Amino acid sequence: MDLSTLNEVQREAVEAIDGPILVVAGAGSGKTRVLTHRIANLIENYDIFPSGIMAITFTNKAANEMKTRIESLIGPVTSQMWVGTFHSICVRILRRDSDRIGYTSDFVIYDTQDQKALLKMCYKELNIDDKRTPLKTSQFKISAAKNDMLTPDLYEGRYGSDFREKGFIELYHLYQSKLKQNQAMDFDDLMLKTIELFKQNREVLTYYQNRFKYIHVDEYQDTNRAQYTLVQYLAAKSRNLFVVGDADQSIYKWRGADIRNIREFEDDFPGARIIKLEQNYRSKKNILDLANSVIANNPNRRDKNLWTDKEPGEKIGYYMAYDEKDEAKFVVEKIRTFTREREYKASDCAILYRTNAQSRSFEDNLMLNGMPYKVIGGLKFYERKEIKDILAYMKLVVNPSDDVSFQRVVNEPKRNIGAKTIEKLQAYQLERDCSLLECLPFVSEIEGIGAKASKGLTEFYGIIDRLKSKIETDFVTQIFDELLQSIGFIELYEAEKSVEADARIDNIYEFRTVIEEFEKRNEEPNLRDFLAETSLRSDQDNIEDQEDGVLLMTLHASKGLEFPVVFLVGLEDTLFPSFRATDDPEELEEERRLCYVGITRAEERLFVTHARNRNQYGRFEARHASVFLSEMDKALLENFSESRDSMNFETEKPEKKHNYFAQNALKSKQSFFGKPSASNAVTATDVSDEAERRYGAGTKINHKVFGPGLVITVDSDGETLTVAFDSCGIKKIHSGMAPIKRID
DNA sequence: GGCACCAATTCCTTT
DNA sequence: AATTGGTGCC
């Protein structure tokens with residue numbers, strides 16, 4: 001094992017073997033190197049069995065990367081090691097022993113949507129009005145309670161005397177008992193139930209304590225109370241706990257992360273060693289200096305000095321846009337220049353924003369220019385209706401107790417089963433004390449269910465029952481194919497003959513590919529594990545390395561990643577920092593850390609942008625610059641804006657009146673830039689005629705990225721075409737810029 | 001029970 | 001702007 005590639009401090013961390021160790025790892029300081037080398041070192045030089053090592057990461061992607069990198073150091077001995085996220089490791093533990101806490105090993109995992117559906121049922125039963133108490137509020141409150149490790153009983157013990165909490169306590173109790181009835185756990189339960197298992201079964205805990213002699217936790221600053229406790233349990237015996245984190249990168253307080261976990265590590269583990277990695281290997285000096293100038297404004301921060309011996313590099317590009325369209329135009333223009341000059345590939349560039357909704361303007365502009373891109377997060381693949389429906393069927397096949405999935409798909413496709421029929425079923429269910437699905441063999445006994453509904457229910461039961469018998473013998477893809485056949489989704493969507501329905505069909509086939517890949521990856525693939533893996537996939541897990549395309553994602557999703565070129569966009573007050581942070585100093589500090597995370601993702605080039613106006617809720621509103629811009633060291637910025645005084649953030653005030661002359665001047669300038677370069681003397685009408693002639697409505701075209709399509713309309717500007725593509729539906733593209741050709 | 005149309009609401013971040 | 005849920009009619 002070669003440790004000579006590490007710097008002195010890194011080597012010190014790698015060679016600290018026993019006892020509690022905290023590595024304070026600044027952004028880009030090589031913490032993954034340290035983690036992988038330490039584990040490789042344990043195995044190779046200290047004869048620790050791989051089976052005695054656990055490493056907890058933040059995403060599955062990080063886990064896989066870690067495994068690969070350890071293997072490249074010492075060869076393939078890592079399969080015995082447990083490397084995964086908190087959630088996936090908990091599932092692994094629970095699958096073995098969940099029967100001890102009243103769950104079968106086939107329990108399913110409820111995502112946010114399922115959780116909502118279950119809460120809705122609870123509301124109905126308790127007569128709670130979702131206008132007065134929005135589902136989201138209860139959902140959030142339950143999650144907060146669980147992050148704080150308060151079970152319904154504990155919560156009642158603490159807040160029971162408060163009459164205002166009475167309703168919530170009742171709801172929480174019911175929600176939790178319904179989860180169990182459905183043999184389901186929500187995300188937070190995975191941790192809580194594991195802790196419960198350990199608490200009630202000391203021999204189970206002892207087994208894991210004896211087995212895992214060396215425990216590692218990455219991104220320790222973002223652990224919540226429950227995760228913290230779990231780690232305490234696991235490491236209590238060996239005390240060989242190695243955690244890595246950076247308080248400046250703590251960005252998940254709203255999800256229960258407690259920054260104190262890292263700040264008070266020394267108090268929790270007296271005699272702990274603390275090692276600080278302060279040399280940054282990722283970013284050029286200007287970028288690092290900019291990051292430091294921003295984070296220095298956080299008052300409650302332990303001073304830390306992240307440094308680099310790299311050259312300053314280019315200055316940080318700054319652009320004040322007219323609106324979000326102009327902002328996107330600037331960013332895409334820069335990326336096009338980079339790719340044209342072969343300075344960077346599209347996939348070297350990342351656009352980072354505060355909220356998912358911001359991706360829109362960038363997608364539009366990238367599309368217009370025929371530039372490949374990939375949006376991470378947002379409406380996730382697995383949250384699309386058609387996929388969720390198929391997943392619900394699958395969940396039901398594995399776990400007949402799942403009433404939430406039952407209600408989701410019993411009438412999907414239409415089987416003449418409505419609210420009335422469900423009510424009848426539920427009444428019968430109470431009598432029999434079983435799940436909804438389990439009532440179905442006795443449909444004929446239930447009064448009030450008509451012939452039509454009865455037929456539908458029997459049909460539905462047949463589908464699930466038939467698949468259930470194949471679960472042990474057939475491949476997941478075979479089960480999928482048969483399921484698809486029996487529910488006839490493809491034919492159903494085909495009959496709709498709409499672009500949306502066609503997209504759904506594509507998604508369904510895409511989903512089949514996902515299953516195929518799952519089967520290739522696993523030695524003993526089964527439906528149960530596939531469902532768990534699907535539920536626990538993170539956004540980052542969807543980033544594929546080989547694809548070329550600009551990456552678009554939220555700042556949160558960018559955590560732990562790095563890119564040669566970063567565009568940090570939408571630096572506007574009430575957007576970033578969020579409007580919720582305006583009068584909460586703690587929130588503002590977290591937003592600032594988020595800004596710090598964003599800046600430090602960049603290796604070579606960084607651009608920061610904001611818009612003076614923005615469309616929100618369909619309204620066009622004036623905005624002003626983010627406080628973070630005013631905190632940035634001006635000497636590091638290079639102004640790309642048209643207005644020269646745009647960098648006086650402190651003096652900038654929102655405009656009272658729109659300056660129409662200025663706006664019009666800017667607008668005409670924009671469309672000037674947008675025109676195809678060849679025609680320097682043509683008027684707008686000429687261009688329109690030109691495009692009309694070349695790509696009039698009804699023209700068949702071929703697009704380099706999206707393939708064949710049909711032009712539906714030509715916009716009044718004469719340049720923007722609305723095209724229906726076979727591959728991806730309706731898109732707007734730019735006739736002068738997009739890589740398209742007529743097909744005659 | 002299904003479908004069409006209208007109104008309200010949403011945009012903070014996620015395993 | 002766009003999606004989602006509710007209401008009322010067939």
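A quick note: this is a predicted structure, and the numbers were derived from the prediction, not measured. Order of the sequence lines sets the chain letters (A, B, ...), proteins ahead of strands, with each chain counted from 1.
One finds a side-chain N or O of N411(A) lying less than 4.0 angstrom from the OP1 or OP2 phosphate oxygen of dG2(B). R360(A) has a side-chain polar atom (N or O) that falls below the 4.0 Å cut-off from OP1 or OP2 of dA2(C). The side chain of N224(A) contributes no N or O atom lying less than 4.0 Å from OP1 or OP2 of dT15(B). An OP1 or OP2 oxygen of dT14(B) is reached within less than 4.0 angstrom by a side-chain nitrogen or oxygen of T554(A). Proximity of N356(A) to the phosphate of dC12(B): no side-chain N or O atom is located under 4.0 Å from OP1 or OP2. A sub-4.0 Å separation between OP1 or OP2 of dC11(B) and a side-chain N or O of K136(A) is present. Residue R354(A) has no polar side-chain atom (N or O) positioned under 4.0 Å from OP1 or OP2 of dC12(B).
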Please evaluate residues E327(A) and R614(A) with respect to the criterion salt bridge (charged side-chain N to carboxylate O under 4.0 Å, His left out), reporting the C-alpha separation (whole Å), side-chain torsions for both, the decisive distance (0.1 Å), and the verdict.
CA-CA 10 Å; E327(A) 182 183 45; R614(A) 189 173 287 274; 3.1 Å; yes
As a quick check of understanding, evaluate side chain to side chain contact (heavy atoms under 4.5 Å, CB included) for V243(A) and T223(A), giving each step before the final call.
CA-CA 11 Å; V243(A) 306; T223(A) 50; over 6 Å; no
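K414(A) comes within 4.0 angstrom of sugar-phosphate atoms only, judged by non-hydrogen atoms across all strands, and of no base. N615(A) comes within contact range of no nucleotide atom at all, as no heavy-atom separation falls under 4.0 Å. In this structure, F576(A) reaches neither bases nor backbone, as no heavy-atom distance under 4.0 Å exists between it and the strands shown. Across all strands, Q358(A) comes closer than 4.0 Å to no nucleic acid atom at all (heavy-atom distances). Nucleic acid contact class of A419(A) (heavy atoms, under 4.0 Å, all strands): sugar-phosphate only. Nucleic acid contact for Y252(A): sugar-phosphate only, since backbone atoms but no base atoms lie under 4.0 Å from a heavy atom of the residue.
Atom P of nucleotide dA2(C) and atom CD of Q616(A) are separated by 15 Å, given to the nearest angstrom. A straight line from CG of D130(A) to P of dT4(C) spans 16 Å, rounded to a whole angstrom. Taking atom CD of residue E219(A) and atom P of nucleotide dT15(B), one finds them 13 Å apart after rounding to whole Å. Between the C1' atom of dA1(C) and the CD atom of E621(A) lies a distance of 14 Å, rounded to the nearest Å. In this structure, L352(A) atom CG and dT13(B) atom P are separated by 14 Å, rounded to whole Å. Across the protein-nucleic acid pair, R384(A) atom CZ and dT4(C) atom P stand 12 Å apart, rounded to whole Å. Nucleotide dT15(B) holds its P atom 21 Å from the CZ atom of R92(A), rounded to whole Å. Rounded to an integer number of Å, the gap from I251(A) CD1 to dC12(B) C1' is 12 Å.
In terms of position on DNA chain B, the residue among R255(A) and K420(A) whose nearest nucleotide sits closer to the 5' end is K420(A). Toward the 5′ end of DNA chain B lies the nearest nucleotide of T421(A), the other residue of the pair L536(A) and T421(A) mapping further downstream.
In this structure, Q221(A) contributes its side chain and D246(A) its backbone to a donor-acceptor pair below 3.5 Å. When atom types are taken as modelled, the side chain of Y123(A) and the backbone of T133(A) share a donor-acceptor pair closer than 3.5 angstrom.
Ranking dC12(B), dT15(B), dG2(B) by closeness to the N416(A) side chain, first place goes to dG2(B). Out of dG6(C), dC12(B), dT15(B), the shortest distance to the side chain of T85(A) is found at dT15(B).
dG6(C) sits 23 Å from dC11(B) when the C1' atoms are compared, rounded to a whole Å.
The shortest non-hydrogen separation linking N399(A) to Q183(A) is ND2-O, 3.2 Å.
Applying the side-chain hydrogen bond (donor to acceptor under 3.5 Å, both in side chains) test between R623(A) and each of E324(A), E572(A), H610(A) identifies E572(A) as the sole match.
Ring-to-base geometry places W254(A) in a stacked arrangement with dT13(B) (centre distance under 5.5 Å, plane angle under 30°).
Between the CH2 atom of W254(A) and the NE2 atom of H556(A) there is a distance of 5.5 Å, given to the nearest 0.5 Å.
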